[in-house]
Amino acid sequence: MMKKSALAAAMAVLLTFASTSCGISGMIGESESSESEVSESTTEEVTEAEESSEDVTEETTEETSEESSEETTENEDVKPTEAEEFTPVEGLSENYADLEKRCFAYDGKIYTLGESTLQDLIDGGVPFDENELNNSGNNVNKNHGTSTYNVDINDFTHIQVEFINTTDSNITEAECLLSYVRWYSIYVPKPDFEDSRNEEIINNINDSAKHVCFSFPLTLTKDQLLENNDAPTEETDNNYVKYEVDSEVYMGSSGYNFEFNKDTNQLEEVSIDWLP
């Protein structure tokens, strides 16, 4: 009887151990399965995040590309100002840089460097600053020049003129010969300006053209100049183009100096000077 009890007890222990082992094994199996499910879930989430990130990147790239394309298109649309049916005043040269006939017109009247005097411009109605006109009676020594006379055509465009005494005696500024004229615009249309600003600049240049006139339009481009006068004396990296000859009387040279905008190659200023 005791042997049967001992045997029964031993069997109970073995069954308990087996049950416990199965339970641990089951727990391990569940844990591995759970980890696998978590891993798969995490992988799916990461993949979805990456795909989402790629979508955002693609959308951003497309938007940036479109914006860049639009900006480029807008910039390309900004071109040099178109002249309003430019017709030079009759009597001006067909040569844009005529060294034999250096002249310009104001309100339809032509003034020639080396021939016209300050008094001629005053009589012609060129609207000089009143305070500067007070200097017209000042004496100028031989081989000397006058002060600068200015005309403010509008807010952005202006001209400057100077005169020289080439005689052997003292004369007044009013009697001196025209030796220098400069037209310039403070601004020209540019790609980085707003449309309204470019429109204002264009209007100022076109208004200026109604008063001051050279052999070329005030909207002249570098290519147009070189097509008309193909052999400049000097052409610099700063977009200056010069046509000059040496003086026969004084040391130095004189002629035409054109300055063009670096972005659009449109004329920003031009000066003509003269020495006998």
Side-chain angles (χ1 to χ4, degrees), residues 88-89 91-106 109-122 124 126 128 132 135-136 138-151 153 157-185 208 212-218 220-222 224-260 267-276:
V89 172
L92 293 174
S93 175
E94 294 181 359
N95 189 331
Y96 289 172
D98 191 340
L99 293 167
E100 301 299 322
K101 189 178 182 181
R102 308 177 208 180
C103 51
F104 80 105
Y106 197 92
K109 298 178 181 178
I110 295 177
Y111 303 99
T112 304
L113 282 76
E115 296 180 13
S116 302
T117 65
L118 170 57
Q119 190 62 53
D120 290 335
L121 273 71
I122 294 173
V126 177
F128 294 118
E132 293 173 355
N135 297 323
S136 62
N138 293 348
N139 286 327
V140 180
N141 295 330
K142 64 179 182 178
N143 300 325
H144 282 70
T146 69
S147 53
T148 301
Y149 287 79
N150 295 274
V151 177
I153 303 171
T157 64
H158 313 266
I159 62 171
Q160 296 177 324
V161 290
E162 295 176 3
F163 305 83
I164 189 174
N165 177 6
T166 59
T167 70
D168 291 328
S169 60
N170 294 345
I171 59 176
T172 64
E173 292 196 6
E175 299 173 289
C176 291
L177 297 175
L178 178 64
S179 61
Y180 174 84
V181 57
R182 175 192 179 215
W183 176 89
Y184 65 98
S185 179
S208 187
V212 63
C213 182
F214 295 90
S215 301
F216 46 84
L218 299 183
L220 181 71
T221 65
K222 184 177 178 180
Q224 290 171 340
L225 172 64
L226 295 177
E227 183 179 351
N228 184 272
N229 295 78
D230 58 356
T233 308
E234 182 181 358
E235 184 177 351
T236 71
D237 294 336
N238 294 325
N239 253 7
Y240 284 89
V241 180
K242 299 181 180 181
Y243 296 87
E244 297 180 327
V245 292
D246 292 332
S247 170
E248 297 178 358
V249 178
Y250 300 98
M251 293 183 62
S253 58
S254 64
Y256 294 75
N257 187 359
F258 298 87
E259 180 180 354
F260 297 93
L267 183 68
E268 289 184 327
E269 71 169 75
V270 57
S271 63
I272 309 173
D273 57 354
W274 168 84
L275 285 173

Side-chain touch [X]/[Y], heavy atoms, less than 4.5 angstrom:
X	Y	result
L218	V212	yes
S185	T157	yes
S215	N95	no
W274	L177	yes
Y184	E259	no

Quick one about [Y] and [X] (side-chain donor to acceptor, distance below 3.5 Å, no hydrogens or angles considered), yes or no?
X	Y	answer
N135	Y149	no
N165	N170	no
T148	E162	yes

*Is the F216-F258 ring centre distance short of 6.0 angstrom?*
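Judged by ring-centre distance (under 6.0 Å), F216 and F258 do meet the cut-off.
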*Taking the six-membered ring of Y180 (Phe, Tyr or Trp), confirm whether the NZ or CZ of R182 is under 6.0 Å from its centre and within 45° of its axis.*
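The answer is no, since R182 fails at least one limit relative to Y180.
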*Got a sec, which residues hit salt bridge (charged side-chain N to carboxylate O under 4.0 Å, His left out) with E132, two or more places apart in sequence or on another chain?*
none
*So, does D273 use its side chain to make a donor-acceptor pair with the main chain of G255 at under 3.5 Å?*
yes
*Please work out which of the three classes, parallel, tilted or perpendicular, describes the rings of F104 and Y111, given edges at 30° and 60°.*
tilted
*asked:* Counting only heavy atoms not in D168 (residues, nucleotides, ligands), do more than 12 fall under 6.0 Å from its CG?
replied: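 12 or below, so no.
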